[in-house]
Student: 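Dropping a structure here in structure tokens format, bear with me for questions.
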Protein chains: 2
Amino acid sequence: MGVGRSSSRATIRDVATAARVSPTTVSHALNGKGRIHPRTRARIQQVAERMGYQANRLAVGLRSGRSGVQALWLPLGPDATANDTLALDYYMRLASATATAVFGHGDVVMLLPPVLEGQDLTAVAVDGAIVIDPGEGDRRIEALRALEIPCVTIERNPIDPKDPWCVTSDTGHHVECLLEHLSAQGAQRIALLVPEAFGAWAEEQRAAYRSWALDHRQERLTRPVALRPAFESALRVVRAMLRWQRPPDAIVIGAERFVPGTMRALADAGRVVPNDLLVAVAVDGNYARGSNPPLTAVDLQPERQATAAAELLRNRLDGLAPSGPRTISGILQVRTSSQRPGRRQPQTGKFLGVS
Amino acid sequence: MGVGRSSSRATIRDVATAARVSPTTVSHALNGKGRIHPRTRARIQQVAERMGYQANRLAVGLRSGRSGVQALWLPLGPDATANDTLALDYYMRLASATATAVFGHGDVVMLLPPVLEGQDLTAVAVDGAIVIDPGEGDRRIEALRALEIPCVTIERNPIDPKDPWCVTSDTGHHVECLLEHLSAQGAQRIALLVPEAFGAWAEEQRAAYRSWALDHRQERLTRPVALRPAFESALRVVRAMLRWQRPPDAIVIGAERFVPGTMRALADAGRVVPNDLLVAVAVDGNYARGSNPPLTAVDLQPERQATAAAELLRNRLDGLAPSGPRTISGILQVRTSSQRPGRRQPQTGKFLGVS
DNA sequence: CTTGTAGCACAAATCGATTTTTCAGCTCGC
DNA sequence: GCGAGCTGAAAAATCGATTTGTGCTACAAG
């Protein structure tokens with residue numbers, strides 16, 4: 001019981017005894033500190049290896065003041081359980097990749113419960129934290145700041161957009177690329193479904209669309225959609241769109257959760273994708289992939305985001321200077337929904353990095 | 001830097017000094033152990049409260065031999081990053097709920113990287129582990145056993161099906177209920193898409209189907225579908241089905257990942273759901289919810305599974321006798337795909353617990 | 001011959017808690 | 001009046017590592 005096979009696990013003392021030296025010497029030998037005769041060092045290393053010695057993380061942590069644990073804090077509300085869920089598969093990819101990346105640095109990842117009061121957090125021994133999709137006045141950020149726990153965010157913190165300790169996807173640029181792509185496929189009137197108030201995200205989408213529309217002399221067809229209930233909101237908005245005098249001939253869906261509602265509205269109205277109307281999504285995920293037809297979307301590359309975040313956090317903990325916000329560009333997954341029959345098949349898997 | 005606000009955080013010594021007692025007395029007072037004058041105890045508790053004292057988990061862990069950390073090990077391969085993913089949203093719900101449940105017991109959850117060699121695990125200080133969907137000869141189980149780390153599984157361990165330390169969903173019963181439901185909606189020839197070799201799961205589905213078919217004098221229409229590539233396999237199998245002399249009038253999809261392929265095959269063949277053919281899924285998720293039309297499915301209730309697993313693990317760590325495998329029954333979410341027009345609308349949200 | 005210094009290893013202190021043991025003071029009984 | 005028993009609290013040992021300071025030896029310089 002207890003930590004690993006605590007009963008049988010070798011301690012530094014055991015190794016010392018076996019190697020006929022003091023624990024001090026073992027510690028120095030294995031950590032390369034102090035002055036030790038090379039031969040002694042080699043011998044100790046061998047003995048430690050043979051005994052399968054691994055330093056007790058708790059003891060190391062206690063002494064060094066570093067627990068070797070990084071917290072991962074997802075933006076899930078208490079309603080993560082409800083049917084009306086966010087892009088859980090994206091978060092799962094992110095979480096899984098974070099665990100791998102942090103583990104690669106010799107630390108481990110702790111999954112913080114979605115809802116957690118700041119108080120409770122004091123009880124937890126964490127060196128740093130990775131906060132996903134911070135929102136306005138995010139309680140997670142506040143709690144961490146109160147406890148002086150260094151953190152790195154994935155996506156900008158709207159409160160402090162210039163915080164260099166963050167990983168960001170170039171949302172605006174993604175929207176621009178999608179518009180460009182749809183345009184190249186012949187779309188003339190492209191609408192954008194933009195989530196209502198969702199951090200810095202929605203704003204970037206809106207701005208990118210506005211500037212693109214201006215450049216291309218296209219009427220601005222942006223519609224805000226309430227995040228909750230996602231299905232009904234999207235359904236209603238798209239339905240309304242289709243009744244316009246001059247309805248759009250392409251739709252960019254700004255948030256994954258609007259996919260089902262949008263597709264339903266299109267199906268109800270008898271519009272066939274991509275023949276009658278092109279569709280693309282700003283965030284790839286199950287909805288986009290599993291839709292019928294599959295939807296063109298931007299893969300945000302959660303794996304690369306996680307890797308970058310883990311690296312930033314490590315730097316921050318090591319007291320290094322901030323290496324600036326890290327921008328992870330997505331990859332355009334072209335699928336049926338945006339390929340007008342007859343047109344030249346566009347390139348898929350295109351890296352959307354800014355040149 | 002370091003663990004919390006280590007620089008400023010109050011230790012037991014600080015509390016002792018402030019309360020003019022020894023650290024021993026503080027420890028006893030707060031843990032209710034030893035003999036202490038009630039007045040002294042109350043005073044110490046007040047002082048501790050005022051100073052915001054929280055025992056250092058690392059120190060407690062070192063002394064007690066319990067780290068207070070439970071590992072969560074998901075069945076994700078290195079391909080969790082690929083497009084061809086399993087039900088990531090289900091796992092995310094599970095992970096999130098596990099974090100909450102374990103936190104409720106005063107412990108925290110560590111997310112283990114999907115791929116991890118047994119060696120590396122020794123370095124990690126974990127009291128116990130929750131293993132999701134163990135497979136045949138699962139390396140996770142092996143690694144944990146080698147390190148004598150107690151674990152609880154969600155879904156049965158095919159190697160040791162009688163292991164009482166597990167939470168199981170009554171898969172067979174779920175299939176039975178789906179068949180019953182479809183039958184009540186008028187289906188006469190119900191086919192089952194069963195995943196090829198996926199733990200105890202597929203077997204239970206198959207057995208339940210067989211026995212139900214026997215009872216209802218229905219021809220056995222079971223087809224195994226390869227898990228990879230899920231889309232193409234399902235597509236091919238369903239396509240073939242539709243070309244049978246007497247094609248099925250309803251399909252039960254055994255694994256969520258087969259949904260897109262199935263729906264595509266149906267759409268390609270011009271079959272309209274639910275008018276021409278009824279569909280239901282054994283596992284609810286994004287695919288089932290976001291499909292067009294939305295598919296009737298069984299919500300496995302990952303939240304309840306997680307709660308049960310956390311409780312079982314806690315019991316196991318406390319040395320209690322196994323409280324038997326815990327069966328968590330799903331909830332039938334009736335959606336459009338299984339409601340034959342004209343028929344009485346069936347009850348949704350039905351708890352599938354065995355009476 | 002003494003002193004200085006470098007090399008190598010160890011003893012002891014430390015991290016922050018818990019657990020075991022000790023101890024002072026007080027009451028009670030004989 | 002003296003040992004037994006009880007109460008309340010503190011001292012000391014412990015968990016397993018790291019870090020600081022100490023000591024011994026050998027060899028070179030004064």
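Labels below follow one simple rule: chain letters A, B, ... track the order of the sequence lines, proteins then strands, and each chain is numbered from 1.
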Student: Using atom CG of B:Leu30 as one end and atom P of C:dG16 as the other, report the distance to the nearest whole Å.
Tutor: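 Going from CG in B:Leu30 over to P in C:dG16 covers 17 Å.
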
Student: Salt-bridged, B:Arg57 to B:Asp127, with N to O below 4.0 Å?
Tutor: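 The answer is no: the pair does not qualify as a salt bridge.
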
Student: Bend across the helix from C:dC1-D:dG30 to C:dC30-D:dG1, to 10°, with axes taken over 5 pairs at each end?
Tutor: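 For the helix from C:dC1-D:dG30 to C:dC30-D:dG1, the axes at either end differ by 80°.
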
Student: What is the distance, to the nearest angstrom, from the CD1 atom on B:Ile36 to the P atom on D:dC6?
Tutor: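 About 19 Å, once rounded to whole Å.
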
Student: Please identify which of these residues, A:Glu155, A:Arg304, A:Gln301, meets the side chain to side chain contact (heavy atoms under 4.5 Å, CB included) condition with A:Ser169.
Tutor: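 Filter result, single survivor: A:Glu155.
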
Student: Base, sugar-phosphate, or nothing for B:Thr24, non-hydrogen atoms under 4.0 angstrom?
Tutor: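 Since a base atom lies under 4.0 Å of B:Thr24, the category is base.
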
Student: Between A:Asp138 and A:Arg140 (side chain of the first, backbone of the second, donor and acceptor by atom type, cut-off under 3.5 Å), is there such a pair?
Tutor: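 Answer holds: yes.
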
Student: Does the C:dT14 base have a donor-acceptor partner in the side chain of A:Arg63 within less than 3.5 Å?
Tutor: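 Counting by modelled atom types and ignoring angles, a donor-acceptor contact under 3.5 Å is found here.
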
Student: A:Tyr53 side chain N/O closer than 4.0 Å to the phosphate oxygens (OP1, OP2) of D:dA17?
Tutor: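 Affirmative; the distance criterion is met.
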
Student: Which is more 5' along DNA chain C, the nucleotide nearest B:Arg35 or the one nearest B:Ala10? Just name the residue.
Tutor: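 It is B:Ala10, whose closest nucleotide lies nearer the 5' terminus.
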
Student: In this structure, how many angstroms lie between the C1' atom of D:dA9 and the CG atom of B:Asn31, rounded?
Tutor: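 About 16 Å, once rounded to whole Å.
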
Student: For B:Ala59 and B:Pro23, find the nucleotide of DNA chain D closest to each by heavy atoms; which residue's nucleotide sits nearer the 5' end?
Tutor: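 In this pair, the answer is B:Pro23.
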
Student: Contact class for A:Leu62 vs. all strands (heavy atom < 4.0 Å): base, sugar-phosphate, or nothing?
Tutor: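 The residue A:Leu62 makes base contact.
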
Student: Examine D:dA9: is either OP1 or OP2 under 4.0 Å from a nitrogen or oxygen in the side chain of B:Ser22? Give yes or no.
Tutor: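 False: B:Ser22 side-chain N/O out of range (4.0 Å or more) of D:dA9 OP1/OP2.
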
Student: Can you name the nearest heavy-atom pair linking A:Leu300 to A:Tyr90, along with the distance?
Tutor: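 Looking at all heavy atoms of both residues, the closest pair is CB-CE1, 4.0 Å.
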
Student: Without decimals, in angstroms, what is the distance between A:Arg13 CZ and C:dC10 P?
Tutor: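 Nearest whole value for this atom pair: 14 Å.
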
Student: For the pair made of CZ in A:Arg41 and P in C:dC10, what is the distance, rounded to whole Å?
Tutor: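 Rounding to the nearest Å, CZ of A:Arg41 and P of C:dC10 are 14 Å apart.
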
Student: Checking all strands, does A:Ser64 fall into the base, sugar-phosphate, or nothing category for heavy-atom contacts under 4.0 angstrom?
Tutor: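 No contact.
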
Student: In this structure, how many angstroms lie between the P atom of D:dA17 and the CE atom of A:Met51, rounded?
Tutor: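 Checked: the CE to P distance equals 11 Å.
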
Student: Rounded to whole Å, how long is the line connecting atom NE2 of A:His28 with atom C1' of D:dT22?
Tutor: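 Whole-Å distance recorded here is 13 Å.
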
Student: For the side chain of B:His37, counting heavy atoms from C-beta on, which of D:dA17, C:dC10, D:dG8 is nearest?
Tutor: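 Among the listed nucleotides, the one closest to the side chain of B:His37 is D:dG8.
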
Student: For D:dA9, take OP1 and OP2 only and decide whether either is under 4.0 Å from a side-chain N or O of B:Thr40.
Tutor: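 The answer is yes; a side-chain N or O of B:Thr40 sits under 4.0 Å from OP1 or OP2.
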
Student: Is A:Arg66 salt-bridged to A:Asp318, cutoff N-O under 4.0 Å?
Tutor: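 Salt bridge: yes.
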
Student: Taking only N and O in the side chain of A:Asn56, is any of them less than 4.0 Å away from OP1 or OP2 of D:dC15?
Tutor: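 For D:dC15, OP1/OP2 do not have a side-chain N/O of A:Asn56 under 4.0 Å.
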
Student: Would A:Thr25 and A:Ser22 count as having a side-chain donor-acceptor pair, cut-off 3.5 Å?
Tutor: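 Judged by distance alone, the side chains do pair up.
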
Student: So, does B:Lys33 get its side chain near the phosphate of C:dT18, meaning an N or O under 4.0 Å from OP1 or OP2?
Tutor: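 For C:dT18, neither OP1 nor OP2 has a side-chain N or O of B:Lys33 closer than 4.0 Å.
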
Student: Is any side-chain nitrogen or oxygen of A:Thr25 closer than 4.0 Å to OP1 or OP2 of C:dA9?
Tutor: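 No, A:Thr25 has no side-chain N/O under 4.0 Å of OP1/OP2 on C:dA9.
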
Student: Ignoring hydrogens and angles, write down the donor-acceptor pairs under 3.5 Å from the side chains of residues 157-164 of chain A, residues two or more places apart or on other chains.
Tutor:
| residue | atom | partner | partner atom | Å |
| --- | --- | --- | --- | --- |
| A:Asn157 | OD1 | A:Ile159 | N | 3.1 |
| A:Asp163 | OD1 | A:Trp165 | N | 3.0 |

Student: Distance check needed: D:dG16 P versus A:Arg66 CZ, whole Å only.
Tutor: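 In whole Å, D:dG16 P and A:Arg66 CZ are 24 Å from each other.
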
Student: For the backbone of A:Pro23 and the side chain of A:Ser27, can you confirm whether one donor and one acceptor N or O come within less than 3.5 Å of each other?
Tutor: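 Answer holds: no.
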
